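Encoded as structure tokens, the structure appears first; notes follow it.
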Amino acid sequence: MRLEGRVAVITGAGTGMGRAMALLFAREGAAVVVNYRESQEAAEEVAREIEAAGGRLDVLVNNAGWSTRVPHAQLDDLSDEIWDRTINVNLRGAFYCVRAAVPFLREQPGASIVNIASGAAFHGAGSSIVYGAAKAGVVTMTRSLARALAPGIRVNAVCPGLVETRFASWPPEAFERGHQVTPLGRLATVEEVARAALFFAAEATGITGEALLVDGGLYQLGRSR
């Protein structure tokens, strides 16, 4: 029970990776606040839910995200609306949640923030150019926050590759191709992403400012075929 007696807020926890994290953290003893609201008022909503849970917060997982697939070469299709929503949800929203959570986290020894970024932050591929840019911003922000909030709050990032969820409405053939080209011969699962987040939240007491790729070795080793 690595999180026994602790309170964790997980944004975007209704489906996919967020759901897997919420279930795993609960099995490890945490009282989990499930947040799934899509709005720029996410920070205030998180703060209200923390207070409703008793005011304590030990772990914040910024998992909420949004994207839509836009072929990278089709620059004219990357509208201002898509650009703004992608940045607002994936980067600005994560910062707002951190800003709201920090006063609570500072009260608890061993507090941790885990930002869910993406392998797109490193290789520039993914659902759209702006999505990769937003997630690269999350990685950079993670390192800035790790420095700013040390030593009391550790801040790290998990960077999943392509994972079989309904996020961004990837077609089945994209997942089939992912399984074929990944060095491990398969894509990482939502449960494996959740375990990486749990590692940062509960075990990695000597690590801050790190960004961990969970992509079956694709970025570091390249395509297997």
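All values below were derived from every heavy atom in this structure, side-chain atoms included, with hydrogens, water molecules and symmetry-related copies excluded. Because the structure is a prediction, the values reported are computed rather than measured. Counting from 1, the numbers follow the sequence of the chain as shown.
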Next item on the list: Establish whether L23 and V9 are linked, either directly or via other cluster members, by ILVMFWY side-chain heavy-atom contacts under 4.5 Å.
Entry: no

Next item on the list: Would you confirm whether R154, through its side chain, and A111, through its main-chain N or O, come within 3.5 Å as a donor-acceptor pair?
Entry: no

Notebook entry, point to check: Side chains of L24 and E191: closer than 4.5 Å at any heavy-atom pair?
Noted result: no

Note to self: Looking at every heavy atom in both V163 and M17, which two are closest together, and how far apart are they?
What the structure shows: CG2-SD, 4.4 Å

Next item on the list: May I ask whether L212 and I10 are part of the same hydrophobic cluster, defined by side-chain heavy atoms of I, L, V, M, F, W, Y residues being less than 4.5 angstrom apart, directly or through others?
Entry: yes

Next item on the list: Just jot down the side chain to side chain contact (heavy atoms under 4.5 Å, CB included) partners of L187, sequence neighbours excluded, or say none.
Entry: L162, E164, F175, H179, T182

Next item on the list: Following the transitive rule for hydrophobic clusters with a side-chain heavy-atom cut-off under 4.5 Å over Ile, Leu, Val, Met, Phe, Trp and Tyr, establish whether F25 and V214 coincide in one cluster.
Entry: yes

Check: Which distance, rounded to the nearest 0.5 Å, do you find between the CG of D77 and the OG of S128?
Finding: 11.5 Å

Check: Among pairs that include at least one residue of residues 143-163, which meet ring pair (Phe, Tyr, Trp, His ring centres under 6.0 Å), considering only residues two or more places apart or in two chains?
Finding: none

Check: Residues two or more places apart in sequence or in another chain: which of them pass side chain to side chain contact (heavy atoms under 4.5 Å, CB included) with T15?
Finding: R166

Check: Do N115 and V155 touch side chain to side chain, with heavy atoms closer than 4.5 Å?
Finding: yes

Notebook entry, point to check: What is the distance from atom SG of C97 to atom CZ of R92, rounded to the nearest 0.5 Å?
Noted result: 13.0 Å

Check: Given the rule that I, L, V, M, F, W and Y join up when any side-chain heavy atoms are under 4.5 Å apart, are I153 and V138 in one cluster?
Finding: yes

Notebook entry, point to check: Quick one: salt bridge (Lys or Arg N to Asp or Glu O under 4.0 Å) partners of R2, sequence neighbours excluded?
Noted result: E28, E203

Check: In the hydrophobic cluster built from side-chain contacts under 4.5 Å, what are the other members alongside F167?
Finding: Y131

Notebook entry, point to check: What distance do D84 atom CG and S79 atom OG have between them, rounded to the nearest 0.5 Å?
Noted result: 8.5 Å

Margin query: Looking at every non-hydrogen atom in both residues, tell me the closest pair between L149 and R106 and how far apart they are.
Written below: CD2-NH2, 3.7 Å

Checklist line | Residues clustered with L221, ILVMFWY side-chain links under 4.5 angstrom | finding: none

Margin query: With salt bridge (Lys or Arg N to Asp or Glu O under 4.0 Å) as the rule and sequence neighbours excluded, what pairs involving residues 124-145 come up?
Written below: none

Check: Do the non-hydrogen side-chain atoms of T86 and I82 ever get within less than 4.5 Å of each other?
Finding: yes

Item checked: Minimum heavy-atom distance A125-A120, with the two atoms named -> O-CB, 3.1 Å

Check: In Å and rounded to the nearest 0.5 Å, what is the CG to CZ distance from L145 to R99?
Finding: 11.5 Å

Notebook entry, point to check: Within the side chain of N63, is there an N or O that forms a donor-acceptor pair under 3.5 Å with the backbone of G12?
Noted result: yes

Notebook entry, point to check: Is there a side-chain contact between V114 and V61, using heavy atoms and a 4.5 Å cut-off?
Noted result: yes

Note to self: Once side chain to side chain contact (heavy atoms under 4.5 Å, CB included) is applied, do any residues pair with R69, and if so which ones, sequence neighbours excluded?
What the structure shows: S127, A168, W170, P171

Next item on the list: Report yes if the side chains of L60 and V98 come closer than 4.5 Å at any heavy-atom pair, otherwise no.
Entry: yes

Notebook entry, point to check: So, do L105 and I113 sit near enough that their side-chain heavy atoms are less than 4.5 Å apart?
Noted result: yes

Next item on the list: Might you point out which heavy atoms bring A22 and V34 nearest each other, and give the distance in Å?
Entry: CB-CG2, 4.4 Å

Next item on the list: Enter the distance from D215:CG to H123:NE2 here, rounded to the nearest 0.5 Å.
Entry: 6.5 Å

Note to self: Tell me whether S118 contacts the main-chain N or O of C159 through its side chain, where contact means a donor paired with an acceptor under 3.5 Å.
What the structure shows: no

Check: Which heavy-atom pair separates A146 from T208 by the least distance, and what is that distance?
Finding: CB-OG1, 3.4 Å

Item checked: Residues in salt bridge (Lys or Arg N to Asp or Glu O under 4.0 Å) contact with E192, at least two apart in sequence or another chain -> R186

Notebook entry, point to check: From F95 CZ over to M141 CE, what is the distance, rounded to the nearest 0.5 angstrom?
Noted result: 7.5 Å

Next item on the list: Could you tell me whether the side chain of T205 reaches within less than 4.5 Å of the side chain of I207, counting heavy atoms only?
Entry: no

Next item on the list: Can you establish whether the number of heavy atoms outside E173 located under 6.0 Å from its atom CD is more than 12?
Entry: yes

Next item on the list: Go through the steps to decide whether R6 and M1 satisfy the test side-chain contact (heavy atoms from CB on, under 4.5 Å), and finish with yes or no.
Entry: CA-CA 10 Å; R6 299 187 186 181; M1 303 292 282; over 6 Å; no

Note to self: Could you work out, with side chain to side chain contact (heavy atoms under 4.5 Å, CB included) as the rule, every residue matching I129, not counting sequence neighbours?
What the structure shows: H72, L75, L78

Next item on the list: Treating Ile, Leu, Val, Met, Phe, Trp and Tyr as nodes and any side-chain heavy-atom pair under 4.5 angstrom as an edge, say whether M21 and L213 lie in one connected cluster.
Entry: no

Item checked: Those residues that, when tested against Y219, pass ring pair (Phe, Tyr, Trp, His ring centres under 6.0 Å) (two or more places apart) -> F122

Margin query: With a 4.5 Å cut-off on side-chain heavy atoms, are L57 and Q108 touching?
Written below: no

Taking only distance into account, with no hydrogens and no angle test, what donor-acceptor pairs under 3.5 Å do side-chain atoms of residues 194-202 form with protein atoms, sequence neighbours excluded?
none

Next item on the list: Give a yes or no answer on whether the side chain of N90 reaches the backbone of A134 with a donor-acceptor pair at less than 3.5 Å.
Entry: no

